[in-house]
Amino acid sequence: MIKVAPSLLSCDFMHMHDEIKKIEDAGADILHLDVMDGHFVPNLTFGLPVIEKIRKSSDIPLDVHLMITNPDVYADRYCDLGIDYLSFHLETVFHSHRLIKQIKDKGVKAGVVLNPGTPVQSIEAVAGDMDFILLMSVNPGFGGQSFLPIVYDKLNWLMKLKEEKNLDFEIEIDGGITNANCKELTECGADILVAGSYVFSGEDYSQRIRSLKNV
Ligand code: DX5
Ligand code: ZN
C-alpha cells in the first residue's frame, strides 16, 4: 500500500499544532518537513527548533527533506531529534556515500534527493546503501507547482535497477502530486507520495489522503 506524506509547507502556520493533529487523524502515514535555507533554494522555512517541538508533540513518523547547501553540518542534529527519515540533495554534497552512512549510524533512514535536472544514474553507486530516494517532480523551493512528468523515466529506471540488483530502497516522489497522477505513480512503483497543496487545500484532509491511496 502506498504511503502518503503530507508536506507541512502548505499548512496554516498560525495553527500548526492543530493542522498536524488533523493530518494524523486523517490517516497520513508520514509527515514531510521541508527545510529550506534561502541558498540552495530561493525560499526559507523552518529548522531544528520547530522540528524539535513537532517531534515532542506527535508520534507520526517524520520525514525531513533538507534543501540546504551544507547538510553534512546539520545532519547529526536533525537525527538527534528523533526523526525517522532524513534526505539531502545530491547536488549539495561532495561525499554522498559518507553522509548516507553518517545518517544511518544514527538509526535514521537515509535518503538522497534528485532535482528534476539531475540524472538518476548518478545515484547508482550508492543505491545499495541508501534507504530511500526522493525524486523531485517540481523544482524545489515552493509548494503548489505543476507536476513535471519527466519523473516517470527516472522512476522506471530505478525500478529496473532495483530488480536487476535486488535492492530494496523505497522511492518517494515530491511535488505537484494530486489525484490526477497518484495512480500512475503508484503503478510505476512509487512507495511514498508527498503532497502539500493538494492535501491542505481540501476541506476534508481524510478524503484527500484516501484519494491519493485510491481507496
Ligand atoms: C518543494 C517541497 C515539496 C512541496 C510539495 O520544494 O519539497 O515537499 O511542499 O508541495 P506540493 O505538493 O504543493 O507540490
Ligand atoms: Zn519536500
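Given the structure is predicted, the values throughout are model-derived calculations rather than measurements. Counting convention: from 1, in listed order, for ligands and their atoms alike.
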### Message
Quick check on the 6.0 Å ring-centre criterion: do Y152 and F147 meet it?
### Response
yes
### Close-contact set for ligand 1 against M136 heavy atoms, below 4.0 Å
7 (O)
### Message
Suppose I only count heavy atoms of V194 and a 4.0 Å limit; which atoms of ligand 1 are within that range?
### Response
8 (O)
### Query
If every non-hydrogen atom of F88 is compared with every non-hydrogen atom of V93, which pair is closest and at what distance?
CE1-CG2, 3.5 Å
#### Entry: Numbering as shown, the atoms of ligand 1 that approach S197 to under 4.0 Å (heavy-atom distance)
11 (P), 12 (O), 13 (O)
#### Entry: Protein contact to atom 12 (O) of ligand 1 [nearest heavy atom, distance to 0.1 Å]
G196 N, 2.8 Å
### Query
Any side-chain donor paired with an acceptor under 3.5 Å for D63 and H65?
no
### Side-chain H-bond candidate by donor/acceptor type, S10 with Y198, under 3.5 Å
no
### Query
Is any side-chain N of the basic residue among D12 and K22 closer than 4.0 Å to the acidic one's carboxylate O?
no
#### Entry: E164 with K160: basic N within carboxylate O range, under 4.0 Å
no
### Query
For ligand 1, which atoms, with element, lie under 4.0 Å from some heavy atom of P140?
6 (O)
### Any donor-acceptor N or O pair under 3.5 Å, side chains N139, Q145
no
### Query
Considering only heavy atoms of L9, which atoms of ligand 1 have at least one such atom less than 4.0 Å away?
9 (O)
### Message
Check this for me: does any side-chain nitrogen of one of E170 and K3 sit under 4.0 Å from a carboxylate oxygen of the other?
### Response
yes
### Task
Tell me which protein heavy atom sits closest to atom 9 (O) of ligand 1, plus the residue, atom name and distance to 0.1 Å.
S7 OG, 2.8 Å
### Any N or O of H65 closer than 3.5 Å to N or O of ligand 1
yes
### Message
Is the positively charged end of K162 above the ring of F169, judged by distance under 6.0 angstrom from the centroid and angle within 45° of the axis?
### Response
yes
#### Entry: Side-chain ion pair, D204 and R208, N-O less than 4.0 Å
no
### Query
In the protein, what heavy atom is nearest to atom 5 (C) of ligand 1, and what distance, to one decimal place, separates them?
D174 OD1, 3.5 Å
### Query
Does any N or O in the side chain of S96 come within less than 3.5 Å of the main-chain N or O of L90, such that one atom is a donor and the other an acceptor?
no
### Message
Taking 4.0 angstrom as the limit and counting only heavy atoms of G176, give me the atoms of ligand 1 inside it, by number and element.
### Response
11 (P), 12 (O), 14 (O)
#### Entry: Heavy atom of the protein closest to atom 6 (O) of ligand 1 (residue, atom name, distance)
G141 N, 2.8 Å
### Protein heavy-atom partner closest to atom 10 (O) of ligand 1 - residue, atom, separation in Å
G143 CA, 3.6 Å
### Message
Could you tell me, atom by atom, which parts of ligand 1 come under 4.0 Å of a heavy atom of M36?
### Response
6 (O)
### Message
Among all protein heavy atoms in this structure, tell me which lies nearest to atom 1 (C) of ligand 1, with the distance rounded to 0.1 Å.
### Response
F142 O, 3.5 Å
### atom 2 (C) of ligand 1 - nearest protein heavy atom and its distance
D34 OD1, 3.4 Å
#### Entry: A195 neighbourhood, listing ligand 1 atoms whose heavy-atom distance to it stays under 4.0 Å
12 (O)
### Message
Checking side-chain polar atoms at under 3.5 Å, does Y205 have a donor or acceptor matched by the opposite partner on E19?
### Response
yes
### Query
Shortest non-hydrogen contact from S7 to V194?
CB-CG1, 3.9 Å
### Between D34 and T45, a side-chain donor and acceptor under 3.5 Å
no
### Atoms of the protein (N/O/S only) found under 2.8 Å from the Zn ion (ligand 2)
H32 NE2, D34 OD1, H65 ND1, D174 OD2
